[in-house]
There are 2 protein chains.
Amino acid sequence: MAKIDDVARQAGVSKGTVSNVFSQKRPASKQATERVMKAARELNYVPNHIARSLVTKKTMAIGLTIPHGKFFFSAFHNQFINGVVLETSNYGYRVLLDMIPALEVKTPSLASYPIDGAIVLGPEEEDERINLLYQSRIPFVTVGKIINSNVADAPMVNNDNNQIIREICRYLIGLGHRDFLFLNAGERKTVSLERTAAFMESLSENRIDPQPHLIRYKPEIHSSEYMQYGYDESVQALNSPERKVTAIIADDDRTAFSAMNAIKDLGLRVPDDISIFVICGDLSMMNQATPALTGMDLQPSELGVQAVKLLMRKLNVLEGEHTGNCIVSSRIIERSSCSSIGGQAE
Amino acid sequence: MAKIDDVARQAGVSKGTVSNVFSQKRPASKQATERVMKAARELNYVPNHIARSLVTKKTMAIGLTIPHGKFFFSAFHNQFINGVVLETSNYGYRVLLDMIPALEVKTPSLASYPIDGAIVLGPEEEDERINLLYQSRIPFVTVGKIINSNVADAPMVNNDNNQIIREICRYLIGLGHRDFLFLNAGERKTVSLERTAAFMESLSENRIDPQPHLIRYKPEIHSSEYMQYGYDESVQALNSPERKVTAIIADDDRTAFSAMNAIKDLGLRVPDDISIFVICGDLSMMNQATPALTGMDLQPSELGVQAVKLLMRKLNVLEGEHTGNCIVSSRIIERSSCSSIGGQAE
DNA sequence: CTGAAAGCGCTTACAG
DNA sequence: CTGAAAGCGCTTACAG
């Protein structure tokens, strides 16, 4: 590959001038520009991204650090990433998919992260990703709250999880439900903690005895086992002789689907016997189930867009103050999987 | 951030020795290693990835170039990317999500791609991504055939699209169907060309008149309009008075779902009136529809894994010959959305 | 096993 | 607007 010296020589200018033409950071005369471009074309020259990065200290990439382990994207992640990629490209940046801890293990000779900033998806308690990023002095934003960490000043984009759970409870309790199976997200996810707290509060405000053993957490599992969680937990909760559960709140669409399968296998019906509410699922998929699933619209794609904006602001790529956190709104999409306790469809 | 000179000074060794300790490319004495590590710890030193890249000419990242435009991941892409990310991390590499043309437009001061190799997802006819990559001399593999390009020697991973369409036709024709609506992928995708060719051949081998206007191609659209394609095309094909279509072959799950909605709205039933076959969809989602959808299992995750392996072999990271192309097997998952033409469930 | 020195391919004050 | 030169932070023959 041709390098800047080759172009400079062929165009009869200095390296600095070639640099100016390509970086556009300093003006170049029309004449010089033309000669440089001509030479560059002839030599098939393109500036070396790495060499440029070394001196500018910018990689023009942001990291998207996804949880490690046998991780599989859900529809939510999917849409979130869509939002991130689309918005990121608006600033001329790229997205580096990063499974930091997994990489650490495999690569004894670690090195700095070749990114200008990072988005941390789904923070957990004592999240190593956050500590790593903090130590590396890489600016980052989180999608979800940081809990139990000495790092607490990172901008955050989030849904209003407290509000969301309260709305769900109000809706379901309004239908007469008092006994819930809550199929929450992973146990260490801070979103789960937020939800559980709000759930307990909502119940006690409504003078309902919270039953901690009916709040379950998604294990860290492989995609193929994914459907098993909702199924097994549902069977266990619904199958006992003293069963009282009349409504299931499911973290995502898959969990809800597998719960539906369990309900069906137990000879029960949705929503006549059991209502199902999905917190974060793909709306078009949920609409395709029978009955169509009621749930929240969390706007995952918008979460991604806002996360990028926040980060770009922190990187001074986007102008404007650090408005701090950003809460993306959500609303209930009512379909047919929840009915009043009498069995009467809503 | 501390740099290599700082560590060398503090440890009382040369830069070269510090480098050896971290890169592990040359042996270092136990003593030197310890002193370097101690100094590094004290100074919080980590090698600068960019500086290293500049001299080694390796970025330790591969690009995943996804189609540009208002692109949204499907469940297929989702699983594919999962396979890519997981496998890539096995070699200590990272994945850079790239929407090349989109970036070009936004970034007048273009630069070389900071990647060691690339995976091109869903090649199209005269695909600019492929030309760009080829010009840049970046090794790449494609997921799908390259057609109508001067670049033809890139390793490829693919499903056997010809075989797949033939199997589908055999299956459906075996059920008595002779009039199909084929809701294919995007018009410029080479996979669509492969499928269409195989479809036409299968029909004529069975003495069925191919009806080109019943082969439709997915427009390049936004996620929210995505469901519209299958719906509109289905309505148009099924609504005409002289309708004969009895089976729909749908590219993906969303298209199939929207077709189902259309069928329902027209007062028809699946599979009694219309059979639906999904080529590339999320199997668990398809299982959740009513009726559960019959379709192919294309193993998207495995496609991703094999694409990475092929690329790693080309980059000499993975040993072994360039076995050339890799065809990932597929099979029909029979559920309840296809029945024999008489209306009798299969 | 280790050190001194050159070099990877750019950008950027500095001077003009 | 342009050039000469220093420097970004590493790795790597080369010599020992």
Side-chain angles (χ1 to χ4, degrees), chain A residues 1-37 39-40 43-60 107-116 136-138, chain B residues 1-37 39-40 43-60 107-116 136-138:
Chain A
M1 293 262 84
K3 33 201 223 184
I4 200 170
D5 304 76
D6 303 324
V7 178
R9 200 178 314 119
Q10 178 138 342
V13 298
S14 72
K15 302 198 302 182
T17 297
V18 177
S19 177
N20 297 344
V21 169
F22 276 94
S23 72
Q24 299 189 323
K25 290 198 179 173
R26 299 197 305 187
S29 68
K30 197 158 189 172
Q31 212 183 109
T33 302
E34 272 168 17
R35 290 167 62 188
V36 166
M37 290 312 279
L43 297 170
N44 203 239
Y45 170 75
V46 164
N48 181 308
H49 190 278
I50 303 293
R52 177 182 283 173
S53 287
L54 182 57
V55 27
T56 61
K57 312 257 177 243
K58 288 188 182 176
T59 63
M60 299 305 281
T107 324
S109 64
L110 78 171
S112 63
Y113 302 118
I115 51 177
D116 298 337
S136 311
R137 309 211 185 303
I138 294 176
Chain B
M1 294 262 83
K3 33 201 227 185
I4 199 169
D5 304 75
D6 304 324
V7 178
R9 201 178 314 120
Q10 176 137 345
V13 299
S14 71
K15 304 199 301 182
T17 298
V18 177
S19 176
N20 296 345
V21 169
F22 276 94
S23 72
Q24 299 188 323
K25 290 197 179 175
R26 298 197 307 187
S29 69
K30 197 160 189 170
Q31 212 181 109
T33 302
E34 272 168 17
R35 290 168 63 188
V36 167
M37 290 312 278
L43 297 170
N44 203 239
Y45 169 76
V46 163
N48 181 308
H49 190 279
I50 303 294
R52 178 182 282 173
S53 287
L54 182 57
V55 27
T56 61
K57 312 253 177 252
K58 287 187 183 177
T59 64
M60 298 306 281
T107 323
S109 63
L110 78 171
S112 64
Y113 302 117
I115 51 177
D116 297 337
S136 312
R137 310 213 185 303
I138 294 177

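Below, chains carry the letters A, B, ... as their sequence lines are ordered, and counting in each starts from 1.
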Checklist entry - Is the shortest side-chain N/O distance from B/T56 to OP1 or OP2 of D/dT11 below 4.0 Å? => result no

Checklist entry - With respect to the phosphate group of D/dT2, does any side-chain polar atom (N or O) of A/S29 fall under 4.0 Å of OP1 or OP2? => result yes

Next on the checklist: Please confirm whether the shortest side-chain N or O distance from B/T17 to OP1 or OP2 of C/dG3 is below 4.0 Å.
Outcome noted: yes

Checklist outcome for this item: To the nearest angstrom, the CG-C1' distance between A/N20 and D/dT2 comes to 8 Å

Next on the checklist: Which residues pass the side chain to side chain contact (heavy atoms under 4.5 Å, CB included) test with B/R26, not counting sequence neighbours?
Outcome noted: B/N20

Next on the checklist: Does the structure show a Watson-Crick or G-U wobble partner for D/dC1, both distances under 3.5 Å? Name it, or say none.
Outcome noted: C/dG16

Item to check | Whole-Å distance separating the NZ atom of B/K15 from the C1' atom of C/dG7 | outcome: 11 Å

Checklist entry - Touch check for B/V18, heavy atoms < 4.0 angstrom, all strands: base, sugar-phosphate only, or nothing? => result nothing

Item to check | Any B/S14 side-chain N or O less than 4.0 Å from OP1/OP2 of C/dA4 | outcome: no

Checklist entry - Quick one: is A/K57 getting a side-chain N or O under 4.0 Å of the C/dT11 phosphate, OP1 or OP2? => result no

Item to check | Distance, rounded to the nearest Å, where B/Y45 contributes OH and D/dC10 contributes P | outcome: 4 Å

Item to check | d(CG, A/D5; C1', C/dG7) in whole Å | outcome: 12 Å

Checklist outcome for this item: Separation of D/dC1 atom P from A/Q31 atom CD, nearest Å, is 13 Å

Checklist entry - When the distance from CD1 of B/I4 to P of D/dT12 is rounded to whole Å, what number comes out? => result 11 Å

Checklist entry - Atom NZ of A/K25 and atom P of D/dT2: how far apart are they, to the nearest Å? => result 18 Å

